[in-house]
Amino acid sequence: MKFSLGGSLKLAFRPWVEGLENIPAHGPAILASNHLSFSDSFFLPAVLDRKVTFVAKAEYFTSPGVKGRLTAAFFKGVGQLPVDRSGARGAAEAAIKAGIEVIESGGLFGIYPEGTRSPDGRLYRGKPGGLGRVALATGAPVIPIAMIDTEKIQPPGKVIPKLMRPGIRIGKPLDFSRYQGMEEDRYILRSVTDEVMYEIMKLSGQEYVDIYAMVAKRQLAEEEKAAKAAAKAAEKADRAEAKAETETEKDGVTGGGAEKKDRPAA
């Protein structure tokens with residue numbers, strides 16, 4: 001399925017790639033990418049000769065019915081591993097365990113250090129847990145990757161993608177083997193993650209924001225909610241003002257009529 005899907009994506013979207021030679025032909029590696037669109041997990045594997053394994057929420061693999069079975073088959077076919085995300089810590093531990101298993105089997109493990117899609121196209125602070133722990137537990141090289149323009153192809157909430165060329169820039173492998181076995185040191189984890197994010201920033205050209213993407217999403221949601229509330233309040237005030245003006249005009253007409261009626265005849 002990977003080859004049929006990859007061929008279809010390449011034919012339809014014609015993605016351009018730089019740095020393909022930085023992907024090892026054999027052996028384990030961690031592919032750390034920015035995350036702009038749901039389609040990132042499909043475009044990256046489509047341009048590589050080797051299978052890339054990402055983690056995906058378990059619901060994609062357990063939905064009932066024909067549609068559920070087709071969805072599960074699709075995600076398995078493109079190299080996605082199910083992870084139970086019912087608990088934040090449990091999900092993180094399951095993703096780390098899955099990543100270590102992929103690396104120990106000699107495969108390519110794909111991960112998005114931001115933890116979620118960028119809400120506005122900017123690059124956000126990387127979470128140190130997943131990337132750093134898998135890298136330091138295994139000693140595998142980390143290859144920074146920048147997805148370009150995929151958010152324009154399929155923005156959040158859009159089902160039908162726009163036909164245009166996305167880009168993929170693949171950086172040189174980063175070696176953190178000197179820290180192997182230090183995955184419990186949070187300062188080392190932060191240092192490793194920040195170094196990877198800096199390389200992704202250079203490859204992507206994105207503006208960097210030193211907060212987590214999830215925090216930014218909450219802030220944007222709160223701002224949107226506040227803006228809607230303000231607009232609703234302004235609309236209500238406009239209606240009240242219009243109603244008051246109408247009543248004033250009616251009172252003026254009624255008052256004038258009464259005054260004329262009561263005026264004595266000449």
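The figures that follow rest on heavy atoms only: side chains count, while hydrogens, waters and symmetry mates do not.
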List the atom pairs, with distances to 0.1 Å, where a side-chain N or O of residues 189-196 and a protein N or O form a donor-acceptor pair under 3.5 Å, not counting sequence neighbours.
| residue | atom | partner | partner atom | Å |
| --- | --- | --- | --- | --- |
| Arg190 | NH1 | Gly126 | O | 3.0 |
| Arg190 | NH1 | Asp194 | OD1 | 2.9 |
| Arg190 | NH2 | Gly126 | O | 3.1 |
| Arg190 | NH2 | Tyr212 | OH | 2.8 |
| Thr193 | OG1 | Leu189 | O | 2.8 |

Using distance only, find each side-chain donor-acceptor pair of residues 223-235 under 3.5 Å and give its atom names and separation, not counting sequence neighbours.
| residue | atom | partner | partner atom | Å |
| --- | --- | --- | --- | --- |
| Glu235 | OE2 | Arg239 | NH1 | 3.2 |

Show which side-chain atoms of residues 98-110 pair as donor or acceptor with protein atoms under 3.5 Å away, not counting sequence neighbours.
| residue | atom | partner | partner atom | Å |
| --- | --- | --- | --- | --- |
| Ser105 | OG | Glu101 | O | 3.3 |
| Ser105 | OG | Val102 | O | 2.7 |

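One finds the NE2 atom of His26 at 8.0 Å from the CZ atom of Arg50 (value rounded to the nearest 0.5 Å).
Hydrophobic clustering (ILVMFWY, side-chain heavy atoms < 4.5 Å, transitive): Phe42 and Leu44 are in one cluster.
Between Pro113 and Ser33, the closest heavy-atom pair is CD-O, 3.2 Å. The shortest heavy-atom contact between Tyr208 and Met201 is CB-SD, 3.5 Å. Contact record, Arg133 with Glu184: NH2-OE2, 4.5 Å, taken as the closest heavy-atom pair. The minimum heavy-atom distance linking Leu48 with Ile170 is given by the pair CD2-CD1, 4.4 Å.
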Exercise. Go through the steps for Tyr179 and Asp175 under the test side chain to side chain donor-acceptor pair (under 3.5 Å), then give the verdict.
Key: CA-CA 9 Å; Tyr179 300 129; Asp175 181 12; over 6 Å; no
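Distance alone, capped at 3.5 Å, places no donor-acceptor pair between the Glu183 side chain and the Val134 backbone.
Every residue meeting the side-chain hydrogen bond (donor to acceptor under 3.5 Å, both in side chains) condition with Thr150, not counting sequence neighbours, appears here in chain and number order: Asp40. When the salt bridge (Lys or Arg N to Asp or Glu O under 4.0 Å) test is applied to Lys217, no partner is found at least two apart in sequence or on another chain. Scored by the side-chain contact (heavy atoms from CB on, under 4.5 Å) test, Gln206 finds Asn34, Leu36, Leu123, Ser204 as partners (sequence neighbours excluded).
Classified by interplanar angle (parallel below 30°, tilted 30° to 60°, perpendicular above 60°), the ring pair Phe13/Phe43 is perpendicular.
Within a 6.0 Å radius of CZ in Arg186, no more than 12 heavy atoms belonging to other residues, nucleotides or ligands are found.
Counting only N and O atoms by type, the side chains of Tyr124 and Thr116 include no donor and acceptor under 3.5 Å apart.
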